[in-house]
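Here the structure is a predicted model, which means the values were calculated and not measured. Throughout, protein chains are lettered first and strands after them, A, B, ... in sequence-line order, and every chain is numbered starting at 1.
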2 protein chains.
Amino acid sequence: MPHDHCPSCAAPDLAFATHDHADCASDGLARAQEILATKGLRLTPVRRRTLEILLEGHRALGAYEVLSRLAAEGFGAQPPVAYRALDFLEEHGLAHRIRRLNSFTACMHMGESHTAAFLICRACNAISEAPAAPSRSALDNAASAQGFAIESATIEALGLCPSCQTTPDKAAA
Amino acid sequence: MPHDHCPSCAAPDLAFATHDHADCASDGLARAQEILATKGLRLTPVRRRTLEILLEGHRALGAYEVLSRLAAEGFGAQPPVAYRALDFLEEHGLAHRIRRLNSFTACMHMGESHTAAFLICRACNAISEAPAAPSRSALDNAASAQGFAIESATIEALGLCPSCQTTPDKAAA
DNA sequence: CTTGTAATGTTACGATATAACATATAGATC
DNA sequence: GATCTATATGTTATATCGTAACATTACAAG
């Protein structure tokens, strides 16, 4: 069931490909529950709803965008409500912050400890999580050559997803 | 002449190493002048001063930090003054934006077209520009496997520089 | 059912960034 | 040199993103 609001609906391991997104989202939620249960952490209503909102599509949402959704549903209406839920999800590997966009997206590989690399389509805003291990190890090499100890890495690419490359008006720089 | 305010004064190709920073900075300015002259672009007083401020150390400065320096010297005191100069420098490869810190730093490899990778010390805020080609090509591979066309990449690592690794109190997470 | 801890909510503010428009300046042309 | 034009600078005003500090509520352990 590829859904309409997501022109480049991405599968967990084959982003920008059409897939059954209802499954994709509910799997993500289930996976999150398992992971938090294991760690003895709580998926409270705000946190759960925040994750669901992120899981609605393979896009990045700003904290204030998430906040307005939460507020409309009766949760708190002040920024810390959204930031706390988002920070919690990020801290436990259920969501990622996209620095380039000052926004957040659900993690597509929950539980697999990894440095994530993101492919961000500047035309349709779709986000895909790409294998980052090769980039990351190249970065580790560059760092250790300088004696620098990496604690966390941000790897993000901006460009055009497959479907937007074929849409000339969107592709215009 | 390693200078005092820069605990991890970095050489262009060997960051985090002590070096003659007065040369490092004046070379950067000279190089910038060449490059802009070639392109028929102007290194106006604000732009020049902004670059000099960034070149003072291998650190990242926020736009408002640069702005207050400029304002104190008689330039305009409003945000666009700083953002315009910084954006201009970035656009022409003379400075980089560090997304992770919402701030800016002088480019250490002006004129060499490259995707930059940054090593950011969370203890002393020193910034080193590392060879990014290997990371970048690994990222290109991951992207093309998904049919994604990268236009620009952000590669940044947060961690500890050599000198801060040996200072336990600074290294505390 | 109390008590300590974690989570939620609020107010208030700080930091980052840009839109829109007015003024000034450098270089080209006459 | 005067004038024109494009570029650059400066301003006001506002949008957007993020956090500190503290009050209140829910939860789970004893």
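The residue among B:Pro80 and A:Asp87 whose nearest nucleotide of DNA chain D is located toward the 5' end is B:Pro80. Comparing B:Asn102 and B:Phe75 by the nucleotide of DNA chain D that holds the closest heavy atom to each, the one mapping nearer the 5' end is B:Phe75.
The side chain of A:Thr44 contributes an N or O atom lying less than 4.0 Å from OP1 or OP2 of C:dT8. Remark: B:Arg97 is in phosphate contact with C:dA17, judged by side-chain N or O atoms under 4.0 Å from OP1 or OP2. Phosphate contact (OP1/OP2 of C:dT25, side-chain N/O of B:Arg42, threshold under 4.0 Å): absent.
Counting distance only, with no hydrogens placed and no angle test, the side-chain atoms of B:Tyr64 and the base atoms of C:dA17 include a donor-acceptor pair under 3.5 Å. Between the side chain of A:Arg84 and the base of D:dG18 there is no donor-acceptor pair of N/O atoms closer than 3.5 Å.
Taking the charged nitrogens against the carboxylate oxygens, A:Glu52 and A:Arg48 do have a contact shorter than 4.0 Å, which makes a salt bridge. Using a cutoff of 4.0 Å between basic side-chain nitrogens and carboxylate oxygens, A:Glu156 and A:Arg99 are not scored as salt-bridged. In summary, A:Arg136 and A:Asp140 engage in a salt bridge, as defined by a charged side-chain N under 4.0 Å from a carboxylate O.
The B:Val81 side chain lies nearest to D:dT11 when the options are D:dT19, C:dT8, D:dT11. The listed nucleotides are D:dT12, D:dA8, C:dA17; the one nearest the side chain of B:Phe104 is C:dA17. Considering only the side chain of A:Gln78, C:dT11 comes nearest among C:dT18, C:dT11, D:dT9.
For an aromatic pair to be called close, the ring centres must be under 6.0 Å apart, and B:Phe104 with B:His96 fails this.
In this structure, A:Arg99 atom CZ and C:dT16 atom C1' are separated by 14 Å, rounded to whole Å. Look at CG on B:Leu86: it is 14 Å from C1' on C:dT18, rounded to the nearest Å. Per the geometry, OH belonging to A:Tyr83 stands 11 Å off C1' belonging to C:dA15, to the nearest Å. Summarising the geometry, the separation between CG on A:Leu41 and P on C:dT8 is reported as 12 Å, rounded to the nearest angstrom. Rounded to whole angstrom, the span from the CG atom of A:Leu89 across to the C1' atom of C:dA7 amounts to 14 Å. Between the CD atom of B:Glu65 and the P atom of C:dA17 there is a distance of 13 Å, rounded to whole Å. Rounded to an integer number of Å, the gap from CZ of A:Arg48 to P of C:dT8 is 14 Å. Atom CZ in B:Arg47 sits roughly 13 Å away from atom P in C:dA26 (whole-Å rounding).
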Could you walk me through whether B:Arg84 and B:Thr50 pass the side chain to side chain donor-acceptor pair (under 3.5 Å) check?
-> CA-CA 10 Å; B:Arg84 278 194 292 233; B:Thr50 300; over 6 Å; no
